[in-house]
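The structure under discussion appears below in the form of structure tokens.
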Amino acid sequence: MIRKEGKCRWTYTCEPCEVRATFPDQFRAIEACHRHERSIEHGFKLMTRALKPIIDAYLGFANGIIGSQKDYALIPPPNLPHDPTLVRDRRKWGGR
Ligand SMILES: [Zn+2]
């Protein structure tokens with residue numbers, strides 16, 4: 001954004017990049033604005049700003065999956081046979 005702050009004091013500020021420059025006339029401020037907005041740094045800043053919610057959501061989703069799998073890995077599987085007749089065999093699975 002270009003603003004006139006006083007006599008012979010034109011400032012150009014880019015909020016996402018936190019760039020602030022002062023020039024004696026509006027033309028130089030406009031030129032600096034164009035130069036900055038064409039720069040790679042500014043493009044990346046805008047792109048990361050636009051993609052941040054998506055990246056955050058993705059990281060949250062990935063952490064959720066990892067967290068749930070950690071919990072799953074910590075719980076031991078029930079030590080019971082799949083065959084129900086063996087479960088009913090009380091000599092082996094508790095009691096007499
Ligand atoms: Zn910028």
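Order of listing sets the numbers, starting from 1, for every ligand and every atom in it. Since we're looking at a predicted model, the values are computed, not measured.
The side chain to side chain donor-acceptor pair (under 3.5 Å) check on E5 picks up R20, with sequence neighbours excluded. With sequence neighbours left out, D56 forms a side chain to side chain donor-acceptor pair (under 3.5 Å) with K52. In this structure, the ring-ring contact (aromatic ring centres under 6.0 Å, His included) partners of H42, at least two apart in sequence or on a different chain, are H36.
Under 2.8 Å from the Zn ion (ligand 1), one finds the following protein N/O/S atoms: C14 SG, C17 SG, H36 NE2, H42 ND1.
When all heavy atoms of K45 and P16 are compared, the pair lying nearest together is CD-O, 3.5 Å. Scanning all heavy atoms of the two residues, the minimum distance from A29 to Y12 falls at O-CB, 4.3 Å.
Enclosure of atom CD1 in I55 by more than 12 non-hydrogen atoms of other residues, nucleotides or ligands within 6.0 angstrom is indicated.
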